[in-house]
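Okay, so here's the structure we're looking at.
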Amino acid sequence: MNQHMQIELLQELVDLHQAKSQFLDESWETVSVDRYLDHQTFEREQQRIFKRVPLIAAHGSELPDPGSFLTRKIGGKPLLLVRGKSGGVSAFLNVCRHRGARLVGEDSGCRHRFSCPYHAWTWDSAGDLVGVPHQQSGFPNLEREQFGLHRVGCSEHAGWIWVALSDTRDPDVAAHLGLIEGEFDGLGADGCEIFDATTRDIHCNWKILVEGGLEAYHFRVAHRKTIAPLFLDNLSSYRCVGRHIRSVLPRSTLGEMAETATESWDIRKHSNVLYSLFPSSQFLVQEDHFVWIQGTPLAPDRTRLRLATMIPTTANLPERQDYWRKHHALTLRTLDEDFSLGESIQQGLSSGANSRLNFGRFEGALARFNQFVDEAIAS
Ligand code: FES
Ligand SMILES: [Fe+2]
C-alpha cells in the first residue's frame, strides 16, 4: 500500500478517534438466521461460490521442489497438487481412473510417480498414466492418454497456488483480485514461508468465522484477556474493493502516532490491516509478518480453518524462533476465543431464539460481506 493511501486511511481513523466517534454505515442491518443453518443454502454456496471462484489451495512454499506434492480437500473435492519437473504446479482430483480409489494417502511428500494402492495403476507428475499392471491381457487397446488424472484448473500467482474447481482451465486470478491485486501482491507472499500452521475443525458456519474478523466491536469484551489492550475500543474502518474487503484495525498507539509528522506514519506499525478475499481467505497483516486464515466449509455447521503464521524467508533465523513461536501462540489463543464464540453462535442459532441477526452501523463490513455472498449465489 502506498504512503498516500496509508496516511489517508490512518487520518480517517485519527479523526474518528479524536471525535470519539466510529466508522459508521448509513443504517444498521439484519440478516436471516437461515443462511447459517440451511442445507440448501450451503449447497448453493458450494456450487455457485466455492466451485466457481478461484480459491487459494496452498502457499507456493508448501511445494518447494519438482515432485513436491500435497493433498487437500477443498469444496468437497479431494485434490492432489504437484509441482512438475519444469517447476509448474498442477492440480488433479486425487482419484484413481481405474476404479476410483484414493490415489495418494499422504498429506504431502516428494516424488514423480503416484501409484494407486489398489492395483497399482501409476501416473507421473504431469498426470499422465504411465503404468497399468497386466495391461495387455486385462485392458487390450486401452489408450493411456484417455486415462490421465482428472485435471483441475490451477495457477501460481503472487506466491499462492490457486485452483478453479469446476474448470480444467487455469483460473484468472488477476480478474478475481481486480483492483486489490496490487495491494495484495504488496504483501510479498512469494518471499515468505509458513513458520507454523494450525488446523481446526470448528462447529459453525463458515460465514460466522469470516464475520468474526470484520469488526472491532467485540475486541474489548471477547478478547479482554488477549489482544484488547493493544487496540482501540470499537474503532475500525473498511472499504470494499470488488467483493474483497480491506479493514483497518487501529492499535492503541494511534494517538501517539497522530502527534508525529504524517510522512512517518506506517500503517503496519499502528494498525492491523485485514484483507478478506472473497469468499473465505483472510490475511491479517501485522508489522513484520502476516497471518493467513483459510476457511473451508465442510457442512452448514462445520468449517475447517487453517491459520498460518507467514514470515519473510530472510527472517526465519535461529535466534528469532522464540519470537515467531510467541506470535503464532498469541494468534491461536486470540482466534480460539473467536472460534469458541462462533460455536456458541451456531448453537444459539439452531435453538430458534432469533430469526434474524443484527449488524450495527459499525459492523457494516459484515452486512457487505453477506450481500456479496447473496449476489454470488443468485447469479
Ligand atoms: S482402483 Fe486404482 S488401480 Fe485399481
Ligand atoms: Fe476476534
Side-chain angles (χ1 to χ4, degrees), residues 71 78 80 92-106 113-124 127-139 142 144 146-150 198 200 202 204-236 238 245 247-252 271-276 280 282-286 290-293 295 303 305 307 327 329-346 359-360 362-363 365-366 369:
T71 57
L80 169 65
F92 307 104
L93 292 184
N94 184 19
V95 177
C96 176
R97 298 291 317 277
H98 172 219
R99 278 170 50 202
R102 183 177 61 185
L103 180 60
V104 179
E106 306 105 295
R113 298 256 152 153
F114 300 96
S115 232
C116 178
Y118 204 174
H119 315 92
W121 282 33
T122 300
W123 288 265
D124 65 12
D128 294 328
L129 180 61
V130 293
V132 176
H134 303 285
Q135 179 179 342
Q136 290 310 333
S137 53
F139 302 92
L142 175 140
R144 288 190 177 187
Q146 302 296 318
F147 291 89
L149 290 178
H150 184 103
T198 305
R200 297 251 197 275
I202 301 161
C204 77
N205 186 271
W206 68 279
K207 298 187 291 298
I208 292 174
L209 295 172
V210 173
E211 290 165 6
L214 294 176
E215 44 90 358
Y217 186 31
H218 71 288
F219 281 16
R220 272 291 151 93
V221 189
H223 296 311
R224 65 188 175 281
K225 294 188 189 138
T226 48
I227 54 161
L230 304 174
F231 291 88
L232 295 171
D233 182 23
N234 195 18
L235 186 59
S236 65
Y238 78 91
I245 299 174
S247 309
V248 184
L249 309 148
R251 291 178 161 260
S252 25
S271 74
N272 282 1
V273 178
L274 178 77
Y275 291 102
S276 300
S280 62
Q282 291 182 306
F283 300 86
L284 183 63
V285 185
Q286 306 190 30
F290 63 94
V291 179
W292 164 36
I293 305 161
T303 306
L305 215 77
L307 60 104
H327 265 295
L330 178 61
T331 307
L332 211 54
R333 260 197 306 145
T334 307
L335 290 180
D336 273 339
E337 293 170 338
D338 290 309
F339 301 160
S340 96
L341 280 159
E343 293 190 334
S344 95
I345 290 172
Q346 190 73 31
F359 300 142
F362 35 66
E363 297 175 293
L366 286 76
F369 163 66

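Each ligand, and each atom within it, is numbered from 1 in the order the structure gives. All heavy atoms count here, side chains included; hydrogens, waters and symmetry mates do not.
Within the 4.5 Å cutoff, no side-chain heavy atoms of L149 are placed close to those of F114. Residues H327 and V291 have side chains not in contact (no heavy-atom distance under 4.5 Å, counting atoms from C-beta outward). Between H218 and E363, the closest side-chain pair of non-hydrogen atoms is not below 4.5 Å.
Around the Fe ion (ligand 2), the two atoms NE2 of H218 and NE2 of H223 are separated by an angle of 90°, to 10 degrees.
Classification of the H98-W121 ring pair by plane angle, with boundaries at 30° and 60°, yields parallel.
A donor-acceptor pair under 3.5 Å links the side-chain atoms of S252 to the main chain of L230, judged by distance alone. The main-chain N or O of F231 is found under 3.5 Å from a side-chain atom of R220 such that the two form a donor-acceptor pair.
At least one N/O/S atom of D338, whether from backbone or side chain, sits less than 2.8 Å from the Fe ion (ligand 2).
If you count the protein N, O or S atoms nearer to atom 4 (Fe) of ligand 1 than 2.8 Å, you get 2.
In this structure Y118 satisfies the ring-ring contact (aromatic ring centres under 6.0 Å, His included) test with no other residue, sequence neighbours excluded.
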